[in-house]
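The structure appears right after this line, and notes come after that.
If you read the sequence from its start, that first residue is 1, and numbering goes on from there. Reckoned from all heavy atoms, side chains included, excluding hydrogens, waters and symmetry mates.
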Amino acid sequence: QAQLLESGGGLVQAGASLRLSCAASERTFSGYAMAWFRRAPGKEREFVAGINWSGGTTDYADSVKGRFTISRDNAKRTVNLQMNSLKPEDTAVYYCASRYGTTPQAMRVSPYAMDYWGKGTLVTVSS
């Protein structure tokens with residue numbers, strides 16, 4: 001059974017918006033900080049955005065600040081990534097990840113120290 005399951009990817013034109021969602025099982029959500037990472041073709045996986053358990057603290061990569069917004073609904077065990085003003089360089093496979101009891105800033109500086117990963121959803125932005 002998938003612990004983290006992403007959805008919402010697709011093909012859009014530059015300037016469009018997409019909303020990604022990650023549905024989590026109870027064991028991978030309660031008390032966990034959540035984050036979105038992405039891997040573009042030929043590049044390393046990189047941090048995109050993170051949010052702590054309460055939802056009161058967020059962190060973003062400089063490349064997406066002002067365009068992307070991360071949020072979570074603890075009652076539904078979901079975390080969302082609203083992506084606006086998409087650019088071709090946003091093209092990547094987007095992954096949801098969780099890590100227990102940490103901060104989004106710690107997830108950004110240690111991108112491989114996650115407890116759980118989803119399998120990813122592809123976002124393609126055409127110019």
Start with the C-alpha distance between Q13 and V125, add both sets of side-chain angles, then the distance that settles side chain to side chain contact (heavy atoms under 4.5 Å, CB included), and finish with yes or no.
-> CA-CA 5 Å; Q13 290 188 328; V125 184; over 6 Å; no
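There is a side-chain donor-acceptor pair under 3.5 Å between Q82 and N84. Side-chain polar atoms of T78 and D73 form no donor-acceptor pair below 3.5 angstrom.
Under the side chain to side chain contact (heavy atoms under 4.5 Å, CB included) rule, Y116 has a single partner from R99, R27, M34, which is R27. For the pairing with Y100, the ring pair (Phe, Tyr, Trp, His ring centres under 6.0 Å) check across Y32, W53, F29 returns one residue only, Y32. Each of I70, T58, T57 was compared with P104 under the side chain to side chain contact (heavy atoms under 4.5 Å, CB included) criterion, and only T57 meets it.
Put simply, the side chain of E6 never gets that close to the backbone of T121: no donor and acceptor are under 3.5 Å apart. Judged by distance alone, the side chain of S110 and the main-chain N or O of A113 form no donor-acceptor pair under 3.5 Å.
Residues L20 and V93 do not share a hydrophobic cluster, clusters being chains of Ile/Leu/Val/Met/Phe/Trp/Tyr side chains in contact below 4.5 Å. Under the 4.5 Å side-chain heavy-atom criterion for Ile, Leu, Val, Met, Phe, Trp and Tyr, V79 and F37 are members of distinct hydrophobic clusters.
Q3 CD to D115 CG: the interatomic distance, rounded to the nearest 0.5 Å, is 11.0 Å. The CD1 atom of I51 lies 6.0 Å from the CZ atom of R72; values are rounded to the nearest 0.5 Å.
Taking both residues in full, the closest heavy atoms of R67 and D90 are given as NH1-OD2, 2.7 Å, listed atom of the first, atom of the second, then distance. In plain terms, the two heavy atoms of W36 and C22 that are nearest each other are CZ2-CB, 3.7 Å. Listed here is the closest heavy atom pair of R77 and S25: NE-C, 3.6 Å. Of all non-hydrogen atoms in A40 and T91, the two that sit nearest each other are CB-O, 3.6 Å. In this structure, A14 and P88 approach most closely via the heavy-atom pair CB-CD, 4.1 Å. Residues C96 and L4 come closest through the heavy atom pair O-CD1, 3.7 Å.
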Side-chain donor-acceptor pairs under 3.5 Å in residues 42-50, sequence neighbours left out?
unit_1: E44; atom_1: OE1; unit_2: Y112; atom_2: OH; d: 3.2
unit_1: E46; atom_1: OE2; unit_2: R38; atom_2: NE; d: 2.7
unit_1: E46; atom_1: OE2; unit_2: R38; atom_2: NH2; d: 3.2

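In this structure, D62 pairs ionically with K65, as a charged nitrogen and a carboxylate oxygen lie closer than 4.0 Å.
Within the structure, the ring-ring contact (aromatic ring centres under 6.0 Å, His included) test picks out no pair touching residues 55-97 (sequence neighbours left out).
The closest side-chain heavy-atom distance from V123 to L18 is below 4.5 Å.
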